[in-house]
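Taking it in order: structure first as structure tokens, then the write-up.
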Amino acid sequence: MEPLHEGGAKVLTPSTADDVPARLYLAIGRLSRSLRRSGASGLGHGSISALSTLVGCGELRLGDLATKEGVAAPTMSRIVAALVEAKYVQREPDPADRRAWLVKATPDGERMVSGLRSTRVQELRRRIDRLAEDRQQQLIMAIPILEELLSEE
């Protein structure tokens, strides 16, 4: 059994402290996958991620989108081709460099991302609402810490 201190919170020992990054990584990954399933769109994670980036950043060169998404240019070309076919993205030659392509989300693509976010946020809200009040407060207190971890990229 893990040691507890006065308030009932767990005290980290050297062995449990080593587990924190692995447990947090797994919990965040599993929660993310679970929420993605709740807003199933028929698009894969890579397509949804690329489309979300375009909605957030606006028009990008194909290579820049690949870099932001952390994938190779040929992979992003396949993703964008599928998004163009689905009419979520439009692609046109870059006027500054005719060898490059610019891609941007269409209004249908923007609606798709907005709908997915809304569905997933509503599902997360339902799950949070099922937590006891004290657990909800603990989660709220952890948000700035998680946001701080994002700034380490």
Strictly distance-based, threshold 3.5 Å: is any side-chain N or O of T67 a donor or acceptor partner for the main-chain N or O of G63? yes

So, S52 side chain and I48 main chain: donor-acceptor pair closer than 3.5 Å or not? yes

As an exercise, state the distance from NZ of K68 to CZ of R61, rounded to the nearest 0.5 Å. 14.0 Å

About how many Å separate CD1 of I28 and CG of L146, when rounded to the nearest 0.5 Å? 5.5 Å

Test of understanding: clusters of I, L, V, M, F, W, Y form through side-chain heavy atoms closer than 4.5 Å, transitively. Do L102 and L83 belong to the same one? no

same_hphob_cluster(I79, V84) at 4.5 Å side-chain heavy-atom cutoff: yes

Linking I/L/V/M/F/W/Y whenever their side-chain heavy atoms sit closer than 4.5 Å, directly or via other members, would L131 and V121 fall into one cluster? no

So, does Q90 use its side chain to make a donor-acceptor pair with the main chain of T106 at under 3.5 Å? no

Which heavy-atom pair separates L51 from Y88 by the least distance, and what is that distance? CD1-O, 3.6 Å

Do you reckon V71 sits in the same ILVMFWY cluster as L60, going by side-chain contacts under 4.5 Å, direct or chained? yes

Look at the side chain of Q136 and the backbone N and O of I128, then say whether any donor-acceptor pair between them is shorter than 3.5 Å. yes

At their closest point, which heavy atom of V55 faces which heavy atom of G109, and how far apart are they? CG2-O, 4.2 Å

Would you indicate whether E92, at its atom CD, is surrounded by more than 12 heavy atoms from other residues, nucleotides or ligands within a distance under 6.0 Å? yes

Full working for side-chain hydrogen bond (donor to acceptor under 3.5 Å, both in side chains) between Q122 and S118: CA-CA 6 Å; Q122 288 173 11; S118 177; 3.2 Å; yes

Side chain to side chain contact (heavy atoms under 4.5 Å, CB included) for K104 and L54? Distances and angles first, verdict last. CA-CA 6 Å; K104 69 178 181 179; L54 288 171; 5.5 Å; no

Would you indicate whether R135, at its atom CZ, is surrounded by more than 12 heavy atoms from other residues, nucleotides or ligands within a distance under 6.0 Å? no

Salt bridge R126-D129, side-chain N to carboxylate O under 4.0 Å: no

Any side-chain to backbone donor/acceptor pair from S77 onto A73? Under 3.5 Å, distance only. yes

Under 4.0 Å between a Lys/Arg side-chain N and an Asp/Glu carboxylate O for R99 and D94? no

Heavy-atom side-chain contact between S34 and R30 under 4.5 Å: no

So, T119 side chain and G115 main chain: donor-acceptor pair closer than 3.5 Å or not? yes

Between R127, R120, R125, which is the residue that forms a salt bridge (Lys or Arg N to Asp or Glu O under 4.0 Å) with E123? R127

Would you sort out whether V103 and E59 count as a side chain to side chain contact (heavy atoms under 4.5 Å, CB included), showing the intermediate values? CA-CA 6 Å; V103 291; E59 187 175 71; over 6 Å; no

Hey, does the side chain of T53 reach the backbone of S49 with a donor-acceptor pair shorter than 3.5 angstrom? yes

For A66 and M76 the tightest heavy-atom approach is CB-CB, 3.7 Å

